[in-house]
Amino acid sequence: MTDAHITVHTEAGIDRIEPELHGHFSEHLGRCIYDGIWHSQESDGEGFREDVVSLLDDLDMPVLRWPGGCFADDYHWEDGIGPREERPRRRNLFWSQDRSEAPEEPNAFGTHEFLNLCERIGTEPYLATNVGSGDPQEAADWVEYACYDGDTELADRRRENGREDSWEVPYWGLGNENWGCGGQMTPEQYAREYRRFATYVGSMDNLMVDHDIELIACGFENHAWNRRFMEEIGNTNWGVEFPLDHLTLHHYYGRTMSVAEADEEQYDAFLAEALEMDEHVERIAAAIDAVATTRDIGVIIDEWGAWHTEAVAESGLEQPGTVIDALSAAAVLDVFNHHSDVMTMSNIAQTVNVLQCLVETEGDEAWARPTYRVFDLYAPHKGNEAVQTSVDTPTRDVADEELPLIHASASVDDETYVTMTNLNTRGTHTVEIDVEDVDATSADVDAEVLFEGQEPDLAVDANNADEFTADELDVTVESETLTVELEPSTAAAISLE
Ligand code: AHR
């Protein structure tokens, strides 16, 4: 029985899927940086973990946000430059964890290490400045140190520290969660701080030839807060428009669920909560539209992903890397495609070892998690034009929401690329797909599927990591309609050329 039907409206374009919609976030938290990207004890060379760098390189990451997170609003960038043995040791205010595991911040990984990493793996860097406990001067100095080519003391200091050419850093975040760990500010207070910081950081843009910087403000899941922030931002004495290129929010889901012990109803509730991303994007975009009249301000989901009861400060926010979490990421990437007209970036949390990381390490071993495979499967969407996709699907009642059991999105370029998830953890669905204006009978059709035959709570480790790679998916084509069978908890992709 066919129980779901997807129609891809190839002529109904939404917008370009910015590659940055597949971005990442890494913080000085637990084993993300030390033991993750960087050896905790420098063993050789620059101290990068080459196994991790190579996995990140293969991922083709468009953008990487650093150094936090809450850590950003307690970070002073000058601590992390110059000879490593002379850098100060500091407390990690928010993420001290078990003191024997991560007692303090050695500052071995700082601006040069981060920007060199981005250069090596071809990723655009995104630096989050300290608004909570820092000042605008410190933030503007960071731009000058990293990006300015002139003969100033700060640019010379960068050269003395081993970097002759300035770096290109396109994205500068002004604070992180300033409604919470970044200073507990009201929206009006943060807007005033934002204007102060943006005046100085934004003006650095005028000094730099061939270098455009984009400024990012942090918003909140509370959309009244976003609206008040936007109103206050626009409320200037002389009608001057302050540089504001993107407004962000963070959406984590699954906070009350143990991913190792969840039952099927909890899976449903978790997936429904992940899909609340859709409403968050719509509501933050509406808050921008309600106030901004002349500027294009993009929506960034700056931190997102599964956060379960296993991820607590004492565990360094570590949790198992499971099929169900990866499935939620696939569905959320589909949501982002639908909103490609307003979204400019998203950064899943966090790159290595922490929360819904893509790469995990233990001792000398590093491996890709199931979510890494989802990013691989969805990669062909990057840079394509998203198109309207309607899905006629069975649903399941989850509290006061309805979970669509089949979820999908599509994009076009030289090929049409359709991704879909079976969010039903306990049933196979037959799915028909019609791609308008494409003759499916004469097209080259390729299809892949992830997680067939795997339980939702199956967790990755060093020994089974290769079992999560994609398999070929059988597609039948009849009278221009494609048909696939999607097993429970699977994510799939079909390309037609
Ligand atoms: O990603 C972990 C934390 O979650 C970040 O530091 C903070 O921004 C968010 O609350």
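Ligands are counted one by one from 1 in listed order, and the atoms in each one are counted from 1 as well.
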With Glu119, which residues qualify under side chain to side chain donor-acceptor pair (under 3.5 Å), at least two apart?
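If we apply the side chain to side chain donor-acceptor pair (under 3.5 Å) test to Glu119, skipping adjacent residues, the hits are Arg163.
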
Who pairs with Asn161 by side chain to side chain donor-acceptor pair (under 3.5 Å), at least two apart in sequence or on another chain?
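Side chain to side chain donor-acceptor pair (under 3.5 Å) list for Asn161, sorted by chain: Tyr145.
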
Amino acids in close contact with ligand 1, where any non-hydrogen atom sits under 4.0 angstrom away:
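For ligand 1, the residues that come within the 4.0 Å heavy-atom cutoff are Phe25, Glu27, Leu29, Gly69, Cys70, Trp95, Asn176, Glu177, His250, Tyr252, Glu303, Trp307, Leu317, Gln350, Leu355.
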
Member of His381, Met277, His22 meeting the side chain to side chain contact (heavy atoms under 4.5 Å, CB included) criterion with Leu333:
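Only match with Leu333 under side chain to side chain contact (heavy atoms under 4.5 Å, CB included): His22.
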
Between Leu271, Leu275, Asn422, which is the residue that forms a side chain to side chain contact (heavy atoms under 4.5 Å, CB included) with His407?
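The option that passes is Leu275.
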
Side chains of His246 and Glu214: do they bring a donor and an acceptor to under 3.5 Å?
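Side chains of His246 and Glu214: pair found under 3.5 Å.
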
Can you pull the salt bridge (charged side-chain N to carboxylate O under 4.0 Å, His left out) pairs that have at least one residue in residues 341-360, sequence neighbours excluded?
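Residue pairs with at least one partner in residues 341-360: Glu360-Arg369.
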
